[in-house]
Amino acid sequence: MEYNHQEVEKKWQKHWYENKVFAAKDFSDKPKYYSLVEFPYPSGAGMHVGHIRAYSSLEIVSRKRRMEGYNVLFPIGFDAFGLPTENYAIKTGIHPRKVTDQNIKIFTEQLKQTGFSFDFDRTVDTTDEDYYRWTQWIFIQLFKNNLAYRDKTYVNYCPSCKVVLSNEESQGGKCDRCDTEVVQKEKDVWFLKITKHAERLLQGLKNLDTLPRIKIEQENWIGKSSGAHVDFKVTNTNTSLKVYTTRPDTLFGATFMVIAPEHPIIEEYKSTIKNYDALINYKEEAKKKTEFERVELAKDKTGVLIDGLTAINPVNNKEIPIFVADYVMIGYGTGAIMAVPAHDTRDYEFATKYNLEIIEVIKGGDITVEAYTDTYEGILVNSDILNELTVKDAKEKIIKFLEEKNIGERTTNYKMKDWAFNRQRYWGEPIPIIHCDKCGMVPEKEENLPIRLPVVDKFEPAEDGESPLANIEEFVNTTCPVCGGHAKRETDTMPQWAGSSWYFLRYTDPKNNKALADFDKLKYWLQVDWYNGGMEHVTRHVIYSRFWHQFLFDIGVVPCEEPYKKRTAQGLILGSDGDKMSKSKGNVVNPLEIIEEFGADTLRLYILFIGDYEQSTPWNASGVKGARRFLDKILRLKEKITTSNEFSKDLKIIMNQTIKQVSEDIENVKFNTAIAKLMTLVNEMVKQESVSRKDYETILKLVNPFAPHLAEEMWEQIGNTEGLVFEQWPTFDKDSLVDTVIEIAISVNGKVRDKISVNLNTTKDELQALALASEKAKQFIEGKEIRKIIVVPKKLVNIVV
RNA sequence: GCGGGUGUGGCGGAAUUGGUAGACGCGCUAGAUUUAGGCUCUAGUUCUUAUGGAGUGCAGGUUCAACUCCUGUCACCCGCACCA
């Protein structure tokens, strides 16, 4: 019998989607389950195998949950603002709206062809006016709560195209389109004050159920450290330089200071500094260095001594020099450091190069050779009041000392920076702020939202790094919502991270036009029970969305502080050559071709069977056939079923084992072993003369989440009228997991020599006797003295000779 | 450099409160069915100089017993990267 996958799959897809079988029901009495997968960017290339892997995990979980009696919300949507569509629009002149709609349509079709159990009625599209209206609304709330502000930053700028470039467009320091050297241009842009939430974002991780590395990556991104601020008086001025240090205990070893090239003190004391020009030169040179060069040159420290300013080490009143060097970053800490060359590799290199004093303050190393940095413990020397103290005690003592003398204080610092929230592009949410000469920056009235993207024919960015919107007079010119006078709209648009920072909220109430979502619905559905997505989004996207969520919680819009209960991440599918799939390498697998030839069930099954879900694995074209064979075997089993509603005697144990393992493996993201166990069971069933109806129905239920089309079809063919979607998930009998007869290994000196079948309840003594009676074991015992016999019930007997 | 992870047959990968290494799939070999191919079925498939011996990146250690624990070391992957 040939299985016509095309016909069968179409039939069930039609049934599911036309009858809205997967619709989530608000306020159902069933327990709710919210499974969330990262929504795709609807590119023209459509769905690839990576998408299928990304969605399959929670597809399996969601289908299982429905069978376990949950009311499941498993939605999908589109993160559709972004560069590729915009670039396509620039090239072809076709409006991004059109392109986006087209791509979404195709993508949706492809998702349905794969048989995903999404609730397609809740689909959101971040570029939809009814959606970005609320993205803009959130921005206004952030602005009103002083969490959105404007400040200067450096952006990647192509002087030839006169356009601001994203990091992706300026890789290697060259403009993606014209290959011109990219420069750093100073620009006034929007920032979101995510740093205000640094500690909460860190604390919120405590209750997140996730892999250690996912947690650690976020922790590193937030980058909390504790130390102290210390003020160093600057001679000939009445000011001081504030530094941040995690090692205030080494203060007596601070023999010079280094400030970042952009540090404001240079401008401030321009007239006192004798070599101002040299410093400005250095700053310009530093700015020109691409990121690449900065890393490459990391070993070769450069800097310029400030002539005219020196500093006083506050603990010993020594006068020390101040340098400008680009190994100190303006964006971290205070942009100035106290250099302790004896115990910091960078300071040591710098000191050696410029012949500066190096004072050892922690015993144990040889500072004539290299910096001694293994100093988390240790004893202080050359440090006056700190001498003989441990590092830990010295830290406490010096911080107290600094605080008493009013020259410093205990400080916690975070590596995370505020979120630069801007793009100078057309295809993004307009930032709903109005610039009025009289009233300053004013948010648009909420009833006027959305601020729509004007419909135009040209999408190219304006010159000098301005947004394309800046050229559109009807858009720019407006009236001030406060004074009614003439004013101008903000023309920057939001970055792609905006729409994706709250999309999971909209799924709970996607058509609401009074609020981003109804509070009671949010209360019913949140938190997201399980969120799966790419490892690459674990820091930025997850942290950004958590930040927005915490903020929305603070203003009473959402019912919980943290959005996600559990987070997992899938591994990449590589090309069959082991490289990342890419068009240029020609190793891209088109999932639709496989659906066509083998069916969606086969593809889904293979993608989950391919390897550990959280690890990256190469594609293997012939492996697909194995998945299909497994399905064919299930199909053929139908011919052998009896009417019995009990498990077959010979299958009872393995049936129960399989139910247990498959159920557990799914929860533990071990889809590959779940499928392996199902294959083992099916192989066993194939060997039987006949299988009972219950055997067969059970395997269909277990296979259903993985290969739902085939499962539904066979379920129907054996006479069931209700579909499988809400059938009850099988349960196992824990007394039927182990056979009464088991195999025991007999080993001599740890090497297995024989295997015997014994009754499960065979006693230790009996096992020992059986082992000694084994002919095969005897050969290895003969003529030797038995020194010890170890009997592990149900496992093995080890005879030591 | 720092942090995390991985290393097991020809390939993807199973197995860690220490207890029969290689489940499951691919590939391969032989046979059956077939006009042939495909499909399907049966048997086999870690290596080997084969009644034995060796074997989970490498070198040691603990143990009756180690893929699993400990010490050292190498390789690869991911993330961060002059973070003070």
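Owing to the predicted nature of the structure, the values given are computational and were not obtained by experimental measurement. Throughout, protein chains are lettered first and strands after them, A, B, ... in sequence-line order, and every chain is numbered starting at 1.
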Exercise. What's the closest nucleotide to the Lys751(A) side chain, out of rA14(B), rC64(B), rA54(B)?
Worked result: rA54(B)
Problem set entry | rC70(B) to rU17(B) separation - P atoms, rounded to the nearest Å | 14 Å
Problem set entry | All side-chain contact (heavy atoms from CB on, under 4.5 Å) counterparts of Ala342(A), not counting sequence neighbours | Ile358(A), Ile367(A)
Exercise. Hey, does the side chain of Arg346(A) come within less than 4.0 Å of rC83(B)'s phosphate (OP1/OP2), counting only N and O?
Worked result: yes
Exercise. Which residue pairs satisfy the salt bridge (Lys or Arg N to Asp or Glu O under 4.0 Å) criterion with at least one member in residues 663-673 of chain A, sequence neighbours excluded?
Worked result: Lys64(A)-Glu667(A), Arg65(A)-Glu667(A), Asp612(A)-Lys670(A), Lys660(A)-Glu664(A)
For this session: Take Lys392(A) and Glu377(A) through the salt bridge (charged side-chain N to carboxylate O under 4.0 Å, His left out) test and state the conclusion after the steps.
Result: CA-CA 7 Å; Lys392(A) 202 173 158 233; Glu377(A) 296 166 14; over 6 Å; no
Seminar exercise, completed: Here the helical stems involving RNA chain B, each at least 3 consecutive Watson-Crick or G-U pairs closer than 3.5 Å, sorted by first residue number, are B:1-7 with B:74-80, B:10-12 with B:24-26, B:27-32 with B:40-45, B:46-48 with B:52-54, B:57-61 with B:69-73
Problem set entry | 5′-ward residue of the pair Asn749(A)/Ile610(A) relative to RNA chain B | Ile610(A)
Exercise. Does the side chain of Asn672(A) get closer than 4.0 angstrom to OP1 or OP2 of rC24(B) through an N or O atom?
Worked result: no
Exercise. Does Asp344(A) use its side chain to pair, donor to acceptor, with the backbone of Asp347(A) at less than 3.5 Å?
Worked result: yes
For this session: In sequence, state the C-alpha distance, the side-chain angles, and the governing distance for Leu772(A) and Ile786(A), and then conclude on side-chain contact (heavy atoms from CB on, under 4.5 Å).
Result: CA-CA 10 Å; Leu772(A) 290 170; Ile786(A) 295 176; 3.8 Å; yes
Exercise. rC41(B) and rU33(B): how far apart are their C1' atoms, nearest whole angstrom?
Worked result: 8 Å
Exercise. Given Thr373(A) and Tyr348(A), is the side-chain hydrogen bond (donor to acceptor under 3.5 Å, both in side chains) satisfied, shown in steps?
Worked result: CA-CA 10 Å; Thr373(A) 57; Tyr348(A) 190 90; over 6 Å; no
Exercise. Is the count of non-hydrogen atoms from other residues, nucleotides or ligands lying under 6.0 Å from Lys353(A) atom NZ greater than 12?
Worked result: yes
For this session: Could you work out the separation of rU8(B) and rU34(B) based on their C1' atoms and round it to a whole Å?
Result: 40 Å
For this session: Ignoring hydrogens and angles, state whether a donor on the side chain of Tyr414(A) or Glu199(A) is under 3.5 Å from an acceptor on the partner side chain.
Result: yes
Any protein N or O atoms within reach of nucleotides 15-20 of chain B? Criterion: under 3.5 Å, listing atom names and distances.
residue, atom, partner, partner atom, Å
rU20(B), O2, Lys755(A), NZ, 2.9
rU20(B), N3, Glu743(A), OE1, 3.3
rU20(B), O4, Glu743(A), O, 3.0

For this session: Confirm from the modelled atom types if Lys301(A) and rC82(B) form a donor-acceptor pair under 3.5 Å, side chain to base only.
Result: yes
For this session: Just say parallel, tilted or perpendicular for the rings of His537(A) and His541(A), cut-offs at 30° and 60°.
Result: perpendicular
Seminar exercise, completed: Expected string for nucleotides 2-10 of chain B under the B/S/- scheme (protein heavy atoms, under 4.0 Å, primed atoms plus P, OP1, OP2 as sugar-phosphate) is -SSS-----
Exercise. Which atoms form the tightest heavy-atom contact between Ile214(A) and Met535(A), and what is the distance?
Worked result: CG1-CE, 3.9 Å
Problem set entry | Residue list, side-chain contact (heavy atoms from CB on, under 4.5 Å) with Ala773(A), at least two apart or on another chain | none
Exercise. Run the side-chain contact (heavy atoms from CB on, under 4.5 Å) check on Leu574(A) and Met581(A) step by step: do they pass?
Worked result: CA-CA 5 Å; Leu574(A) 307 171; Met581(A) 280 194 193; 5.9 Å; no
Exercise. Counting any heavy atom closer than 4.0 Å, what does Arg787(A) reach on the DNA or RNA strands: base, sugar-phosphate only, or nothing?
Worked result: nothing
Exercise. Among residues 331-339 of chain A, which residues get a heavy atom nearer than 4.0 Å to RNA chain B?
Worked result: Tyr332(A), Ile337(A)
Problem set entry | Selected nucleotide, minimal atom distance to Arg629(A) side chain, candidates rG27(B), rC82(B), rC41(B) | rG27(B)
Exercise. Between Glu639(A) (CD) and rU40(B) (P), how many Å, whole number?
Worked result: 16 Å
For this session: Identify, residue by residue, the members of residues 676-687 of chain A with a heavy atom below 4.0 Å from RNA chain B, and return them in order of residue number, or none.
Result: Ala676(A), Met679(A), Thr680(A), Asn683(A)
Problem set entry | Lys NZ or Arg CZ of Arg753(A) over Phe780(A) ring: under 6.0 Å, within 45° | yes
Let me check something: any side-chain donor-acceptor pairs from residues 741-750 of chain A under 3.5 Å, sequence neighbours excluded? List them with distances.
residue, atom, partner, partner atom, Å
Ser747(A), OG, Val797(A), O, 3.3
Ser747(A), OG, Asn798(A), OD1, 3.1
Asn749(A), OD1, Val801(A), N, 3.0

For this session: Write down the distance separating the C1' atoms in rG52(B) and rC69(B), rounded off to the nearest Å.
Result: 31 Å
For this session: Assign Phe780(A) to base, sugar-phosphate, or nothing according to its heavy-atom contacts below 4.0 angstrom with the strands shown.
Result: sugar-phosphate
Exercise. Heavy atoms under 4.0 Å, any strand shown: does Asp612(A) hit a base, just sugar-phosphate, or nothing?
Worked result: sugar-phosphate
Exercise. Can you find a side-chain donor-acceptor pair between Lys415(A) and Asn220(A) that sits under 3.5 Å?
Worked result: no
Problem set entry | Polar side chain donor-acceptor pair, Asn532(A) to Glu38(A), under 3.5 angstrom | no
For this session: Measure from NZ or CZ of Arg567(A) to the centre of the six-membered ring of Tyr531(A), then state whether that distance is under 6.0 Å and the direction lies within 45° of the axis.
Result: yes
Problem set entry | Donor + acceptor pair across side chains of Tyr606(A), Asn620(A) (<3.5 Å) | no
Between the protein and nucleotides 29-32 of chain B, list every N/O to N/O distance that falls short of 3.5 Å.
none

What nitrogen or oxygen pairs link the protein and nucleotides 66-76 of chain B at under 3.5 Å?
none

For this session: Write down the distance separating the P atoms in rA15(B) and rG79(B), rounded off to the nearest Å.
Result: 26 Å
Exercise. Going through the checks in order, is the side-chain contact (heavy atoms from CB on, under 4.5 Å) test met by Asp326(A) and Tyr282(A)?
Worked result: CA-CA 9 Å; Asp326(A) 64 359; Tyr282(A) 183 77; 3.3 Å; yes
For this session: Could you note down all residue pairs passing salt bridge (Lys or Arg N to Asp or Glu O under 4.0 Å) where residues 787-799 of chain A supplies at least one of them, sequence neighbours left out?
Result: none
Exercise. For atom P, what is the distance between rU73(B) and rG1(B), given to the nearest Å?
Worked result: 13 Å
Problem set entry | rG5(B): syn or anti, per glycosidic angle within 90° of 0 | anti
Exercise. Expressed as a whole number of Å, how far does the P atom of rA23(B) sit from that of rA43(B)?
Worked result: 15 Å
Exercise. Using a distance-only test with no angle check, is there a side-chain donor-acceptor pair under 3.5 angstrom linking His229(A) and Arg410(A)?
Worked result: no
Exercise. Would Lys301(A) count as a cation-pi partner of Phe350(A), with NZ or CZ less than 6.0 Å from the six-membered ring centre and within 45° of the ring normal?
Worked result: no
For this session: Could you tell me the separation between the CG atom of Asp344(A) and the P atom of rA84(B), rounded to a whole number of Å?
Result: 9 Å
Exercise. Is there a donor-acceptor pair under 3.5 Å between the side chain of His263(A) and the backbone N or O of Ala336(A)?
Worked result: no
Exercise. What nucleotide, of rG25(B), rC82(B), rG12(B), holds the atom closest to the side chain of Tyr327(A)?
Worked result: rC82(B)
